[in-house]
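Just below is one structure, and these are the notes that go with it.
Naming: A, B, ... by sequence-line order, numbering from 1 per chain.
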Amino acid sequence: MNKEVNFSENLLKWYDRNARVLPWRVPPNSNKVSNPYFIWLSEIMLQQTTVVTVQPYFDKFLSKWPTIFELALANDQDVMASWAGLGYYARARNLLKCARTVVREYDGKFPPCYNQLIKLPGIGPYTASAILSIAFSKSYAVLDGNVERVISRYYNILDPLPSSKELLQSLAQSNLSSLRPGDYNQAVMDLGATICTPRKPQCINCPVNLSCKAKELGDPAGLPKKLQKKAKPLKFGSVFIGFNEKSGYLLERRKGKGLLGGMLSWPSTDWSECSDINPPILADWIPVSGNVKHTFTHFKLELSVFKATIKKPQKPYFFVSSESFNVNDLPTVMRKAYALYLKSIK
DNA sequence: TACTCGTGGGG
DNA sequence: TCCCCAAGAGT
């Protein structure tokens, strides 16, 4: 028996006994069919996001929009508010674009074809392969962070990411089970998430430890090697929380691209290496004690917070009544500013 | 290619 | 406290 068969067979045997129970997943050997809408929605949410974080959002989206047809009819603000806190908000914008395209162009059915899937907004090589293998049983191996780690260890690949990606993709594909491509992909990812972890891999419990190259002659925990990342600069800015009893809170809708694009936000200065406390609205602004510290993917941020009673809305800004205001409609960094404001008025 | 794009948890 | 990383995609 060659090593490739060994890997795939042992992995699937392990998966049959140890597959995690997830709301979007069909258990192995259950004779149930995956719902492509569930698979797509979960895969978009799971991009760079942990299963634990995704679960409540997945449940919320399914309860509000049980099928792609309802989602396609949702309004943008509702979807963005429902995504708030999950991060990478381009995913939410593309999610809605994609749902509308699939309903309009494909009668609400995801095309079981790589070249068509990859053209849809928010669907890249990973997500296209995940949908094809899990929902349509087609032979496409996924390459995500888990697979990169498992495969680079199994073959002891010493070249650093991302240059080794092409090789890892072909190795993952060469091992794929054509009978159970979806289970194979999910099995590798489950293995990476639970056994072949970034630190302190539990090789003793690994179903393929007897043929793993890194375990045999290398350092599994040291793989995959990655190129060094650059340091995060520190940026500063100010946000302004305006309120009055009658009208509610003064907010803005951030422009549709870039950081926090499309999200509800407190009026804010730009964020840069120099601190800026010039309010975009005229009022008697009072500094709120303390500041907001927040870390984004590529920079750190410190925000000063100001409060004032605002009489009239001023152009791009608008009031949201106290009754309909929900701080959880805001991204996390803006929730932090609100928490500071609440502390200051108590 | 390399950079942009959130957030929370673990070591 | 800080760094790493998590079912990546878009530009």
Review point. Which stems, defined as runs of 3 or more consecutive Watson-Crick or G-U wobble pairs with both pairing distances under 3.5 Å, involve DNA chain C?
Key: B:2-5 with C:8-11, B:7-11 with C:2-6
Point to revise | Touch class at under 4.0 angstrom, heavy-atom based, for Leu22(A) against every strand present | key: base
Exercise for review: Identify, between Leu227(A) and Arg91(A), the residue whose nearest nucleotide on DNA chain B lies closer to the 5' end.
Suggested key: Leu227(A)
Review point. Leu161(A) has an atom CG; how far is it from atom C1' of dT1(B), in whole Å?
Key: 15 Å
Exercise for review: For Gly85(A), answer base if it contacts any base atom (sugar-phosphate contacts may also be present), sugar-phosphate if it contacts only those atoms, and nothing otherwise; contact means non-hydrogen atoms under 4.0 Å.
Suggested key: sugar-phosphate
**Study point:** Under-4.0 Å side-chain N/O to phosphate OP1/OP2 contact, His294(A) with dG6(B)
**Key:** no
Practice item. Using a cut-off of strictly less than 4.0 Å, decide whether Thr127(A) has a side-chain nitrogen or oxygen near OP1 or OP2 of dA9(C). Key: yes
**Study point:** P-based separation of dT1(C) from dG6(B) [nearest Å]
**Key:** 25 Å
Study note, to complete from the structure: Contacts of Arg20(A) and Ile123(A) projected onto DNA chain C by closest heavy atom; the upstream (5') one is Arg20(A)
Point to revise | d(CG, Leu301(A); C1', dG6(B)) in whole Å | key: 12 Å
Check your understanding: Between the side chain of Gln173(A) and the main-chain N/O of Ser139(A), is any donor-acceptor distance below 3.5 Å?
Key -> yes
Exercise for review: Please work out if Pro162(A) contacts a base, only the sugar-phosphate, or nothing of the nucleic acid, heavy-atom cut-off 4.0 Å.
Suggested key: nothing
Check your understanding: Contact class for Gly258(A) vs. all strands (heavy atom < 4.0 Å): base, sugar-phosphate, or nothing?
Key -> sugar-phosphate
Can you tabulate the close N/O pairs, meaning under 3.5 Å, that link protein atoms to atoms of nucleotides 3-6 of chain C?
| from | atom 1 | to | atom 2 | distance (Å) |
| --- | --- | --- | --- | --- |
| dA6(C) | OP1 | Arg149(A) | NH1 | 2.3 |
| dA6(C) | N3 | Gln48(A) | O | 3.4 |

Check your understanding: Where do Met45(A) and Tyr57(A) come nearest, in terms of heavy atoms and distance?
Key -> CE-O, 3.6 Å
Practice item. Round to a whole Å and report the spacing from CD1 of Ile118(A) to P of dT11(C). Key: 13 Å
Exercise for review: Starting from C1' on dC3(B), measure out to CG on Leu259(A) and report it in whole angstrom.
Suggested key: 14 Å
Exercise for review: Could you tell me whether Arg253(A) and Asp76(A) have a side-chain N and a carboxylate O separated by less than 4.0 Å?
Suggested key: no
**Study point:** Protein-nucleotide distance (Leu143(A), atom CG; dG8(C), atom P), rounded to Å
**Key:** 10 Å
Check your understanding: Where the side chain of Arg25(A) is concerned, which of dG8(B), dA7(C), dG8(C) is the nearest nucleotide?
Key -> dA7(C)
Exercise for review: Measure the distance from CZ on Phe299(A) to C1' on dT7(B) and round it to the nearest whole Å.
Suggested key: 13 Å
Review point. Closer than 4.0 Å, any side-chain N/O of Thr332(A) to the OP1 or OP2 of dG8(B)?
Key: yes
Practice item. Taking Asn209(A) for its side chain and Asn205(A) for its backbone only, find out whether a donor-acceptor pair lies under 3.5 Å. Key: no
Check your understanding: Under 4.0 Å between a side-chain N or O of His298(A) and OP1 or OP2 of dC3(B)?
Key -> no
Practice item. Apply the ring pair (Phe, Tyr, Trp, His ring centres under 6.0 Å) test between Phe58(A) and each candidate in Tyr37(A), Trp65(A), Trp24(A); give the one that qualifies. Key: Trp24(A)
Review point. Taking CE from Met189(A) and C1' from dG8(C), how many angstroms apart are they, rounded to a whole number?
Key: 12 Å
Review point. Just by distance, with hydrogens left out, do Ser344(A) and Lys307(A) show a side-chain donor and acceptor under 3.5 Å apart?
Key: yes
Review point. Out of dT7(B), dA7(C), dG6(B), which has the shortest distance to the side chain of Val51(A)?
Key: dA7(C)
Point to revise | Candidate pair Asp183(A) and Ser177(A), rule side-chain contact (heavy atoms from CB on, under 4.5 Å), full reasoning | key: CA-CA 8 Å; Asp183(A) 285 346; Ser177(A) 161; over 6 Å; no
Review point. Taking the six-membered ring for Trp, are Tyr341(A) and Phe243(A) ring centroids under 6.0 Å apart?
Key: no
Review point. Considering only the C1' atoms, how many Å lie between dC5(B) and dC5(C), rounded to the nearest integer?
Key: 15 Å
Review point. Say you pick atom C1' in dA7(C) and the same atom in dA2(B); how far apart are they, in whole Å?
Key: 23 Å
Exercise for review: Assign Trp24(A) to base, sugar-phosphate, or nothing according to its heavy-atom contacts below 4.0 angstrom with the strands shown.
Suggested key: base
Review point. Parallel under 30°, tilted from 30 to 60°, perpendicular over 60°: which one fits the rings of Phe110(A) and Trp40(A)?
Key: tilted
Check your understanding: Is Glu70(A) reaching over with its side chain to a backbone N or O of Thr67(A), donor-acceptor style, under 3.5 angstrom?
Key -> yes
**Study point:** Leu95(A) CG - dA9(C) P separation (whole Å)
**Key:** 14 Å
**Study point:** Parallel, tilted or perpendicular: ring planes of Trp266(A) versus Phe325(A), cut at 30 and 60 degrees
**Key:** tilted
Exercise for review: Using the C1' atom on both, measure dT11(C) against dT1(B) and round to a whole Å.
Suggested key: 11 Å
Practice item. Pick base, sugar-phosphate or nothing for Val333(A), based on heavy-atom distances below 4.0 Å to the nucleic acid. Key: sugar-phosphate
**Study point:** Lys200(A) or Lys230(A), whichever maps to the more 5' nucleotide of DNA chain B
**Key:** Lys230(A)
